[in-house]
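So the structure is just underneath, and the comments pick up after that.
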Amino acid sequence: MTDLTTLTAGRLLDGYRKGEFGPVEAVRAALERAERIQPEVNAFVRILAEEALAQARDAQERWRRGEPRGALDGVPVTVKDILLLKGHPTLRGSRAVDPGGRWEEDAPSVARLREAGAVFLGKTTTPEYGWKGVTDSPLTGITRNPHDPSRTAGGSSGGGAAAVALGAGPLSLGTDGGGSVRIPAAFCGIFALKPTYGRVPLYPASAFGTLSHVGPMTRDAADAALLLDVIGVPDSRDWSALGPAGGSFAQALGGGVRGLRVAYSPSLGGQVAVHPAVAAAVRRAVERLAELGAYVEEADPDFSDPVDAFHTLWFAGAARVTQHLGRYQRESLDPGLREISARGARFSALDYLAAVDVRMDLGRRMGRFHDDYDLLLTPTLPITAFEAGAEVPKGSGHRRWTGWTPFTYPFNLTQQPAATVPVGTDGDGLPVGLQIVAARHRDDLVLRAAHALYEAGFTSGGS
């Protein structure tokens, strides 16, 4: 008998259409998996079992009548506890958020999923206000890696990545302000896409401003395209949202990579020390894309590490999101968040605008780079998952999470689409990710290249 928790969203929908199984079976299996994994990996803030089964029964009746509501009718999905889900508290990993508030709205992406008939399994874990690249918080504790629970799942969308990797729903909504869907996806061995900024509307607006994107976390690129087609439409609550996409991302998947001009930058021009096992796995994936017909050459984008500018913008955002807190609430914060908020509060308007200048110059440089190259390939991360409960690897010398994520946050500054694809493991069986970046608005190329690797059987998935 087929284990429904191993199937992609696309395969579940095919099974529903053919009558092989129904949404109730799929959702019940995903809920059972969620309950089973929760004690070990701590992926969920809350599991919505009764509500999910009721939604699944409604979806099953629609499929029985041959009248599915939308493109994801009956598919189980999880939502990061940064995004609003009507009827349930969105606590953002913080004791400072009142769970007794009025929770009467869906975030735009959640609303689109509801309209498409998706079934909400639960809310997944996040560090407090999504501030760092690992997932632990004073509210929910530590989220652990599905491949080795002594290691971190990454963050800040770590709960969603662990849930997808372990079969607790094939689709998850995450947010990414500096790598927060790509980091945990790479550590957990799944696919994730940070779309072009504005492709997926965001409301309420993030305190981290236009660094923060909403993105799909899935078992493969085809599911991400399917999800992006649903959530990547305008919403009047987001003034910075893009207009409608030019076509279906799912229908554009089959273009392959033949003839694409691809730059491979193994270390951003020697700026990043990459673990040998990571470098080897990524290089093999790059070589496979060349075999599939891409024109690949080693070439580095023309920029130096923009971490100082990123910190100015990020820490100022942290100061803003915690600005309203009283003394006792502030004392309850994650100590790291409290520290960067204090630093961010000391920046001047001129400091902030100087960081914006760096950002604009970086965007110009990457725009010019993509005049010559359709895609940029890098490792997603220079390392694999390290010990759980720590912001940085022991003995690394890094002070903040940005020290070990130099490949991810630059492309939040530039607002480009960037995905991570699982392309192997290190000597300890921990996943390695390949990052695929394209020019703004070319999400289709990122998804096509990733899909080509899946179609070629090259990728390695979750546990």
On the 0 to 90° scale, with breaks at 30° and 60°, tag the W314-F208 ring pair as parallel, tilted or perpendicular.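 Judged by the thresholds at 30° and 60°, the geometry between W314 and F208 is parallel.
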
Which of T143, V41, L139 passes side-chain contact (heavy atoms from CB on, under 4.5 Å) with T125? It is T143

Among L31, L171, V27, which residue meets the side-chain contact (heavy atoms from CB on, under 4.5 Å) test with P76? V27

Could you give me the CA-CA distance, side-chain angles and deciding distance for L72 and V119, then say whether side-chain contact (heavy atoms from CB on, under 4.5 Å) is met? CA-CA 9 Å; L72 293 173; V119 173; over 6 Å; no

Applying salt bridge (Lys or Arg N to Asp or Glu O under 4.0 Å) to R69 and E115, what does each step give before you reach the verdict? CA-CA 7 Å; R69 175 184 290 172; E115 292 162 3; over 6 Å; no

Residue pair [X] / [Y], side-chain heavy-atom distance below 4.5 Å:
X: S341; Y: L337; answer: yes
X: L48; Y: L121; answer: no
X: Q416; Y: L376; answer: no
X: V233; Y: V200; answer: no
X: F191; Y: P216; answer: no
X: P146; Y: F187; answer: no
X: L434; Y: L453; answer: yes
X: H451; Y: V257; answer: no

For residues [X] and [Y], is any side-chain donor paired with an opposing acceptor at under 3.5 Å?
X: D229; Y: S248; value: yes
X: N412; Y: R359; value: no
X: S137; Y: T140; value: yes
X: E51; Y: H88; value: yes
X: H213; Y: Q415; value: no
X: T8; Y: D220; value: no
X: T175; Y: K80; value: yes
X: Q323; Y: R320; value: yes
X: S332; Y: R95; value: no

Got a second to check how far [X]'s [atom1] is from [Y]'s [atom2], nearest 0.5 Å?
X: S109; Y: L202; atom1: OG; atom2: CG; answer: 7.5 Å
X: S206; Y: I82; atom1: OG; atom2: CD1; answer: 8.0 Å
X: R219; Y: T6; atom1: CZ; atom2: OG1; answer: 6.5 Å
X: H370; Y: D374; atom1: NE2; atom2: CG; answer: 9.0 Å
X: Y16; Y: D14; atom1: OH; atom2: CG; answer: 11.5 Å
X: N145; Y: T384; atom1: CG; atom2: OG1; answer: 9.0 Å

Nearest atoms (heavy-atom pairs only) where [X] meets [Y]:
X: R440; Y: T414; result: CD-O, 3.4 Å
X: I183; Y: G178; result: CD1-O, 4.3 Å
X: S172; Y: V164; result: CB-CG2, 3.7 Å
X: A111; Y: D106; result: N-CB, 3.7 Å
X: T402; Y: H311; result: OG1-NE2, 2.6 Å
X: V75; Y: P170; result: CG1-CG, 4.0 Å

Just checking Q251: does its CD atom have more than 12 heavy atoms from other residues, nucleotides or ligands closer to it than 6.0 angstrom? no

Can you establish whether the number of heavy atoms outside Q329 located under 6.0 Å from its atom CD is more than 12?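 For Q329, atom CD is crowded (more than 12 foreign heavy atoms under 6.0 Å).
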
Which is it for F120 and V110 under the side-chain contact (heavy atoms from CB on, under 4.5 Å) test, yes or no, and what are the steps along the way? CA-CA 9 Å; F120 298 107; V110 174; 3.8 Å; yes

Looking at [X] and [Y], does any basic side-chain N land under 4.0 Å from a carboxylate oxygen?
X: E25; Y: R28; answer: no
X: D334; Y: R338; answer: no
X: R343; Y: E339; answer: no
X: R151; Y: D428; answer: yes
X: E331; Y: R327; answer: yes
X: R112; Y: D235; answer: yes
X: D443; Y: R199; answer: no
X: E40; Y: R144; answer: no
X: D81; Y: R92; answer: no

Polar side-chain atom of [X] near backbone of [Y] as donor-acceptor pair, under 3.5 Å:
X: T126; Y: G93; value: no
X: Q38; Y: F44; value: yes
X: H398; Y: R400; value: no

Show, in sequence, the C-alpha distance, side-chain angles and deciding distance for Q435 and T420, and conclude whether the side chain to side chain donor-acceptor pair (under 3.5 Å) test is met. CA-CA 5 Å; Q435 181 172 237; T420 183; over 6 Å; no

Report the C-alpha distance between K132 and S156 in whole Å, list the side-chain angles of each, state the deciding distance to 0.1 Å, and finish with yes or no for side chain to side chain donor-acceptor pair (under 3.5 Å). CA-CA 6 Å; K132 60 183 174 180; S156 63; over 6 Å; no

Ring center gap for W404 and Y409 short of 6.0 angstrom: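 Aromatic pair excluded; centres sit 6.0 Å or further apart.
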
Applying salt bridge (Lys or Arg N to Asp or Glu O under 4.0 Å), run through D223 and R11 and close with a yes or a no. CA-CA 9 Å; D223 269 9; R11 178 66 183 90; over 6 Å; no

How far apart are the C-alpha atoms of L4 and L7, what are their side-chain angles, what is the distance that settles it, and do they pass the side-chain contact (heavy atoms from CB on, under 4.5 Å) test? CA-CA 5 Å; L4 300 183; L7 302 185; 3.8 Å; yes

L85 and W103: side-chain contact (heavy atoms from CB on, under 4.5 Å), yes or no, with the steps? CA-CA 8 Å; L85 177 65; W103 306 100; over 6 Å; no

Positive for side chain to side chain donor-acceptor pair (under 3.5 Å) with R182, one of T408, T380, D176: D176

